[in-house]
Engineer: 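So that we are looking at the same thing, I have put the structure below in structure tokens.
Protein chains get the first letters and strands the later ones, always in sequence-line order, with residue 1 at the start of each.
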There are 2 protein chains.
Amino acid sequence: MTKEKALAAGLELFSQKGYSNVGLAEILKTAEIPKGSFYHHFKSKEAFAIQVLERYSNCGLVNFKSVLLEQKGLSPKERIKTFYSDRANEFEQKQFVKGCLLGDSCSEGGVSEEFKAFVGEQLEEWQLTIERCLEEGKENNQISKTLDTRMMASVILNGWEGAISRMKLSKSRQPLDDFMQSLDLLI
Amino acid sequence: MTKEKALAAGLELFSQKGYSNVGLAEILKTAEIPKGSFYHHFKSKEAFAIQVLERYSNCGLVNFKSVLLEQKGLSPKERIKTFYSDRANEFEQKQFVKGCLLGDSCSEGGVSEEFKAFVGEQLEEWQLTIERCLEEGKENNQISKTLDTRMMASVILNGWEGAISRMKLSKSRQPLDDFMQSLDLLI
DNA sequence: AAGACTAAACCGACCAGTCTAATAATTAAC
DNA sequence: GTTAATTATTAGACTGGTCGGTTTAGTCTT
């Protein structure tokens, strides 16, 4: 329970302010746990952050894969648009204070190489999911056979993360909508 | 001279590690100036950072505009590709440790609203330059008249920044190359 | 002499992380 | 079944270091 509260607080705080800008004190206060308990369950702030990230990525991937790989009635483009449209609505509901934990961690400084490597691996997994989705579209003749799916998956993932950064800064969903509109030209 | 050294050090350090991850001590050491001098010339670390950013954006914009708006012999797509290709080569030369100061500042936490507003304004200016470049292409029938140039400028700018984040993480130019390749489908 | 600038000691706030001690939960002994 | 021993967990004061920023004193230049 204590561990659970800590992870929930970490998810909330990190996705709003980023790893470097959240102090342990704030985590403890939000989770309502004492420092001793925290260091009993986690060996360091960074190890804790990786666990938060792991949970975030895994939970997200479950949904991502179910939308991108299992909606057999929809074309790849429709699947991708569905997923991103839902995310955009969520971001808007929370008034653009939360972003993508994984994407934001991309540009986090002051973290170990292990941390960065973990983020990189997770992003690879997300990208690979997009690629598989596109490949399936090729098989069904919903997508041009000449399309470089790896390249396209990379462009989509990175474009989306870039749009989220801009969204957070401008407190507007316009960048997200722009991105989604561009999918019509890309796929 | 003192001020100059500080700004140069700030540019170097901020674009490698980000505002929050560079302490004053490191700036002073790199610039080889004492703290007293720093606070004589700048009222705070943040005010200093804004000046660094201002200089970065202005210098960059001069080049950006000259490539995107004054290369009359090239199509918009060619101009944009030229600019980004040059940037990609620069990034590679510096082994992907430096990114785009403006884009990275997008996701900086722990900064004032004034700081964020400034970053937002500068990004708007860059985006507007792309938009003007595309508009010119419309006039010359190099670009479809139905293209939403504002949307496309947003997608290009944000997509590029997202690719840079990924580049820094993976220490590879692949995300940049992927982005550039996608321009063929977009424009 | 006056203002621009340098120099560094110093400040309180905050940082992640440690330590010791008290308490709760679980297992073992009889 | 009760008590004793053991481990898991909580609690928060405390440490050493770093943060951005201030202050005061001194040194140039004009």
Engineer: Rounded to whole Å, please give me the gap between CE in B:Met1 and C1' in D:dT29.
Structural biologist: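 For the pair B:Met1 CE and D:dT29 C1', the rounded distance is 18 Å.
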
Engineer: A:Thr2 side chain: which of D:dG21, C:dG17, D:dT9 is closest?
Structural biologist: D:dT9

Engineer: Measuring to OP1 and OP2 of D:dT10, would you say a side-chain N or O of A:His40 lies under 4.0 angstrom away?
Structural biologist: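 So the side chain of A:His40 is outside the cut-off, no N or O lying under 4.0 Å from OP1 or OP2 of D:dT10.
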
Engineer: Tell whether A:Lys35 reaches the base of C:dG17 with its side chain through a donor-acceptor pair below 3.5 angstrom.
Structural biologist: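 Indeed there is one.
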
Engineer: Please determine, for the side chain of B:Tyr39, which listed nucleotide (C:dT6, D:dT10, D:dG20) has the closest atom?
Structural biologist: D:dG20

Engineer: List the residues meeting side chain to side chain donor-acceptor pair (under 3.5 Å) with B:Ser112, not counting sequence neighbours, and say none if there are none.
Structural biologist: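 Partners of B:Ser112 under the side chain to side chain donor-acceptor pair (under 3.5 Å) test: B:Glu46.
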
Engineer: What is the separation between atom CD on A:Glu46 and atom P on C:dA16, rounded to the nearest whole Å?
Structural biologist: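 Atom-to-atom, A:Glu46 to C:dA16, this comes out as 12 Å.
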
Engineer: Apply side-chain contact (heavy atoms from CB on, under 4.5 Å) to the pair B:Arg79 and B:Cys133, showing each step before the final yes or no.
Structural biologist: CA-CA 9 Å; B:Arg79 297 179 196 180; B:Cys133 172; 4.3 Å; yes

Engineer: Please confirm whether B:Phe91 and B:Phe96 have ring centers closer than 6.0 angstrom.
Structural biologist: no

Engineer: Any idea how B:Tyr84 and B:Phe64 line up, ring-wise: parallel (<30°), tilted (30 to 60°), or perpendicular (>60°)?
Structural biologist: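 B:Tyr84 vs B:Phe64 ring planes: tilted.
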
Engineer: Separation of A:Phe38 atom CZ from D:dA13 atom C1', in whole Å?
Structural biologist: 18 Å

Engineer: What nucleotide, of C:dA16, D:dT9, D:dG21, holds the atom closest to the side chain of A:Lys45?
Structural biologist: C:dA16

Engineer: Check each residue of residues 13-30 of chain A for a non-hydrogen atom within less than 4.0 Å of any atom in DNA chain D, then write out the ones that pass by number, or none.
Structural biologist: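 None - not one residue of the stretch has a heavy atom sitting under 4.0 Å from the strand.
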
Engineer: Any side-chain N or O of B:His41 under 4.0 Å from OP1/OP2 of C:dT6?
Structural biologist: yes

Engineer: Just the rounded figure in Å: distance from P of C:dT6 to CD of B:Glu32.
Structural biologist: 14 Å

Engineer: So does B:Lys77 pair up with B:Asp184, basic N to acidic O under 4.0 Å?
Structural biologist: yes

Engineer: Where does the angle between the aromatic ring planes of A:Tyr19 and A:Phe14 fall among parallel (under 30°), tilted (30 to 60°) and perpendicular (over 60°)?
Structural biologist: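 Plane angle between 30° and 60°, so tilted.
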
